[in-house]
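Structure first, commentary second.
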Amino acid sequence: MGKYVKYGLHAVIIIGLVIAGFKYLNGEDIWTALQSFNYLFLPFVLLLSTLYFVIKAWRFHLFLNPFLKTKREAVMRAYAAGQAATLVPGGITARIGLLKQAGVPVEASSVPVAFSSLADQTLFLASALVAAVFFEPARLPALIILGVLAVLAGLLLIPPLRHGLRHLADALAARFNAKDKLDNFFDNVTKLLSPKTLSWTLGLTLFSLIVEFITLDLVIRGLGAAVPYSSLALAYILPTMLGRLSGLPAGVGVTEAGMLGFLSSYGGLGNDVATAATLIFRLTTAFFRALLGALIYAFGWRGDKENAQKFA
């Protein structure tokens with residue numbers, strides 16, 4: 001089983017990096033965008049992109065630590081090493097595999113994986129709803145998303161359905177001899193819901209969002225343009241949220257199309273500048289982090305020799 005995990009992780013991380021390359025290194029458009037960019041901005045853009053990566057890795061550790069005391073550096077490296085795999089469908093689970101190599105049980109590592117995505121989506125949704133109050137074009141997509149989530153939440157409030165889903169989960173877990181692991185997962189979720197942990201993790205989520213705003217702003221300024229901060233926030237929040245809800249890895253395609261549309265329609269940018277800004281932003285964030293994560297996996301992750309548990 002250990003061999004399957006080892007080679008499987010190698011495969012998904014390499015495939016994720018290849019997908020990122022094909023998606024963002026698409027020749028002529030990238031070349032045109034790069035020709036118009038002021039490279040004095042590039043070190044600051046990449047530094048902010050790296051800072052965002054570190055914040056998310058630190059938050060991942062904070063989500064794990066309440067119920068399993070772990071070594072921060074090892075958990076953060078596991079988060080980073082699995083970044084390229086997130087560009088493959090289901091690749092986010094590579095982080096669970098990496099932490100399993102480091103001695104962290106699946107029922108423990110799956111909690112921060114789930115809550116990392118939930119924290120991002122919660123903040124995106126809250127920001128979109130606030131924006132919808134003041135910005136008419138944001139109302140329709142925000143209300144559609146809110147409606148879908150309201151329906152899902154309403155269904156879960158129906159006791160028979162909620163209990164039925166739990167019984168189904170229990171049955172599936174029992175079928176694969178994982179009932180104890182499922183019970184431990186729910187116990188770990190309960191331990192995570194403390195005011196201290198939630199305030200720290202939501203604070204880091206907000207900080208990471210601000211870092212992305214600044215990164216996008218610097219990219220646009222590097223192209224000799226500027227966008228009002230209200231439009232800039234919308235150009236990042238709504239496309240990113242829709243991309244994540246699409247189910248596509250890293251929201252590829254959906255995020256770029258939405259960002260391009262917002263920057264050109266409501267950001268006051270010409271189509272060429274908006275296209276260049278979108279491509280460079282995604283290149284220096286999604287692709288750059290995938291590459292950085294692949295390098296960390298290749299040269300900084302020791303596989304089965306890792307030990308993430310502090311008292312193991």
Side-chain angles (χ1 to χ4, degrees), residues 1-13 15-16 53-122 169-170 172-173 176-194 196-198 200-202 204-205 208 244 249-250 289-290 292-294 296-297 300-312:
M1 184 63 183
K3 290 183 178 180
Y4 288 122
V5 171
K6 178 180 178 180
Y7 295 125
L9 289 172
H10 277 292
V12 295
I13 288 171
I15 292 170
F53 204 14
V54 171
I55 294 169
K56 287 299 188 70
W58 183 19
R59 186 189 66 175
F60 189 77
H61 172 257
L62 291 179
F63 273 132
L64 179 61
N65 213 43
F67 47 86
L68 185 67
K69 297 304 177 184
T70 51
K71 300 173 183 177
R72 181 172 58 194
E73 295 78 9
V75 173
M76 290 177 68
R77 277 190 288 109
Y79 179 91
Q83 183 64 22
T86 61
L87 295 170
V88 177
I92 193 171
T93 56
R95 289 180 176 131
I96 297 176
L98 288 165
L99 286 173
K100 183 175 176 59
Q101 286 185 330
V104 177
V106 171
E107 62 271 23
S109 58
S110 57
V111 177
V113 168
F115 270 77
S116 292
S117 179
L118 181 61
D120 287 337
Q121 290 297 76
T122 299
D170 287 340
L172 289 173
F176 295 99
N177 297 319
K179 182 65 167 60
D180 291 340
K181 293 182 182 295
L182 182 65
D183 291 337
N184 288 336
F185 172 82
F186 285 115
D187 289 341
N188 290 337
V189 169
T190 302
K191 294 174 185 176
L192 183 62
L193 299 177
S194 69
K196 180 179 179 181
T197 300
L198 292 179
W200 266 100
T201 51
L202 288 176
L204 287 174
T205 304
S208 69
R244 287 172 178 241
R289 291 170 197 153
L292 188 60
I296 291 172
Y297 179 72
W301 184 255
R302 298 176 299 166
D304 296 334
K305 296 180 181 179
E306 291 283 353
N307 177 22
Q309 290 197 46
K310 187 172 291 186
F311 303 113

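Remember, predicted model here, so these are calculated numbers, not experimental data.
P112 has its side chain out of reach of V75: every pair of non-hydrogen atoms, C-beta onward, lies at least 4.5 Å apart. Looking at heavy atoms from C-beta onward, T205 lies in side-chain contact with D120 at the 4.5 angstrom threshold. Between Q101 and E306, every side-chain heavy-atom pair lies at or beyond the 4.5 Å cut-off. The side-chain heavy atoms of F63 and L118, taken from C-beta on, include no pair separated by under 4.5 Å. Counting only heavy atoms from C-beta outward, the side chains of F115 and T201 never approach each other to under 4.5 Å.
Note that CD of Q83 and CZ of R289 are 7.5 Å apart. Values are rounded to the nearest 0.5 Å. H61 contributes atom NE2, which lies 9.0 Å from atom CE of M76 (distance to the nearest 0.5 angstrom). Of the inter-residue distances, the one linking W58 atom CH2 with L204 atom CG reads 5.0 Å to the nearest 0.5 angstrom. Atom OG1 of T70 and atom CG of L99 lie 8.5 Å apart (nearest 0.5 Å). Note that CD1 of I96 and OG of S109 are 5.0 Å apart. Values are rounded to the nearest 0.5 Å.
For Q309 against K71, the heavy-atom pair with the smallest separation is O-CE, 3.6 Å. Smallest separation of non-hydrogen atoms from A84 and A290: CB-O, 3.6 Å. Considering every non-hydrogen atom in both A80 and F53, the closest pair reads CA-CZ, 3.6 Å. Shown here for L98 and Y297, the closest heavy-atom pair between the two residues is CD2-CE1, 3.5 Å. Considering every non-hydrogen atom in both L62 and W200, the closest pair reads CD1-CB, 4.1 Å. In this structure, A102 and W301 approach most closely via the heavy-atom pair CB-CH2, 4.0 Å.
Using a distance-only test at 3.5 Å, with no hydrogens or angles considered, a donor-acceptor pair links the side chain of R95 to the main chain of Y79. At least one donor-acceptor pair closer than 3.5 Å links the side chain of R59 to the backbone N or O of S116.
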